[in-house]
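All residue numbers in this chain count up from 1 along the given sequence. Order of listing sets the numbers, starting from 1, for every ligand and every atom in it. Values below: all heavy atoms of this structure, side chains included; hydrogens, waters and symmetry mates excluded.
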Amino acid sequence: MKVIKFGGSSVASAQQLKKVLAIVKDDPKRRFVVVSAPGKRHSEDKKVTDLLIAYYNAALANEETSELIQKIVERYGDIGKELGVDPSICAAFAEELKEVQTTLDKNSPYLLDRFLAMGENLNAQLIAAFFQQEGVSARYINPKELGIIVSDEPQNARILDESYDKIYQWHDCEDILVIPGFFGYTKNGDVCTFSRGGSDITGSIVAAGVKAEIYENFTDVDGIFAATPQYIHEPALIKELTYREMRELSYAGFTVFHDEALMPSFKAKIPVVIKNTNNPNCVGTMIKESYDTDSSPNHVVGVASDGGFCSITINKYLLNREVGFVRRILQILEDMNISFEHMPSGIDNVSIIFKECQLTPEAEAKLLERVQKEIEPDELEMEHNISVIALVGEGMKEHPGITAESSAALARKNVNLRMISQGADERSIIFAIRGEQERLAVRSLYYTFFD
Ligand code: ASP
């Protein structure tokens, strides 16, 4: 059987939900349907999840909330009305929404999670009602009943292993189960959400739990492209890639599929296919453990990029003789709760590259002060606005010349390389460059290896 998940834009309107119904009906193996909250219907629209955050902020500040509640109820009401669903269903949503405010416990760490989860929870109820009305034997199921038990980490939950056996008990369920994505329950019974975009994670957990033959993730693009359409006009669609390639690509900015969502499917060896609700006949992108033996992988499957990095470079004469030097730098980062991404080094210098968003101006000043005092470098330099480009492909392993070709391509465009790093598994090559050259670099690499 198959687990199928529909993202926010696929469930944002009545018109989209008719496509969803057709897709579910089209294959009797589609038994578990995971849904997001209604997303944007057009670029200026607001996601229901963002409206819920606004509602949470207003409720917490004791501000007037009736207009916001009205707006949220209207999103569901409009969809329900156009689909001809019994209006009492959406009328009940207004009561559920008000209830989170009246039972608000300002001291609960899970308060925001309760608001956030409403978006998916109400949508799953509406969609199950729509399916039933159209003659599909479907029912809404709450994640608690299904067995999704998560860690005590508000807005950043992780699945607990004991969930999988619980979920497996639904394996032979006769009805199609409509499951709200994005949240589970802690052992104490609190609603706790995954990180933003986390309905993908729910889909993967359910697929692993029921041991599905495939996890189909429906979104609003044909699949995963070899480079972002923001930089490349009509980039090639990747038809097949491995979990590891997907992981490397999503590390460097490919956001079609939530990066935490791969793990449950990967562990359970369940292939994931990314497909388009608006173009379901397109094959999409298949993500699986390895390539079939008869299809040799491309050397490079994709070029990803991500901005917003910074680096701190420490120069000190005879650095290589100082035992414990790197540990002391990393200790400072650990004390300041900064996680780093790369650490290229020379004989007398080391740079640490990390995400800029982890630093406030005050934290930056403190970091530099501590490094200066505790490490006593000859020179200390902080650089902002660095982008990271990842060239990814299983086929790069033991294939000489990819770094040469790529650095030659970048040199032709006058892109200076601040760092090059290749993991020991040779599945990716990472370049750090100046942020303003990101687009140019992606284009030059893409046209070197594709097209
Ligand atoms: N609705 C949630 C969000 O906007 C989760 C999701 O759509 O996957 O982040």
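- Taking the centre and axis of the six-membered ring of Tyr215, the NZ or CZ atom of Lys2 falls outside the cone set by 45° and 6.0 Å.
- Remark: the Asn385 side chain and the Glu356 side chain contain no N/O donor-acceptor pair separated by less than 3.5 Å.
- Within the structure, ligand 1 has Gly198 among the residues with a heavy atom less than 4.0 angstrom away.
- Checked by distance only, ligand 1 and Gly8 stay at 3.5 Å or farther apart across all their nitrogen or oxygen atoms.
- Here Lys47 has side-chain heavy atoms under 4.0 Å from ligand 1, and that is the only part of it that gets that close.
- Atoms of ligand 1 found under 4.0 Å from any heavy atom of Phe182, numbered from 1 in the order shown, are 2 (C), 5 (C).
- Partner Glu216 forms a salt bridge (charged side-chain N to carboxylate O under 4.0 Å, His left out) with one of Lys29, Lys275, Arg30 and no other, that one being Arg30.
- Ser265 and Ser204 form a side-chain donor-acceptor contact under 3.5 Å, judged by distance and modelled atom types alone.
- In the candidate list Glu120, Arg196, Gln155, Glu120 is nearest to atom 5 (C) of ligand 1, counting heavy atoms.
- Proximity of the aromatic rings of Phe183 and Phe194 is defined here by a centroid distance below 6.0 angstrom, and this criterion is not met.
- Among protein heavy atoms, atom 7 (O) of ligand 1 sits closest to Ser36 OG, 3.1 Å.
- For atom 6 (C) of ligand 1, the closest non-hydrogen atom on the protein side is Ser199 OG, 3.4 Å.
- Side-chain polar atoms of Ser88 and Asp86 form a donor-acceptor pair below 3.5 angstrom.
- Residue contacts with ligand 1 leave out Gly181, since none of its heavy atoms falls under 4.0 Å from the ligand.
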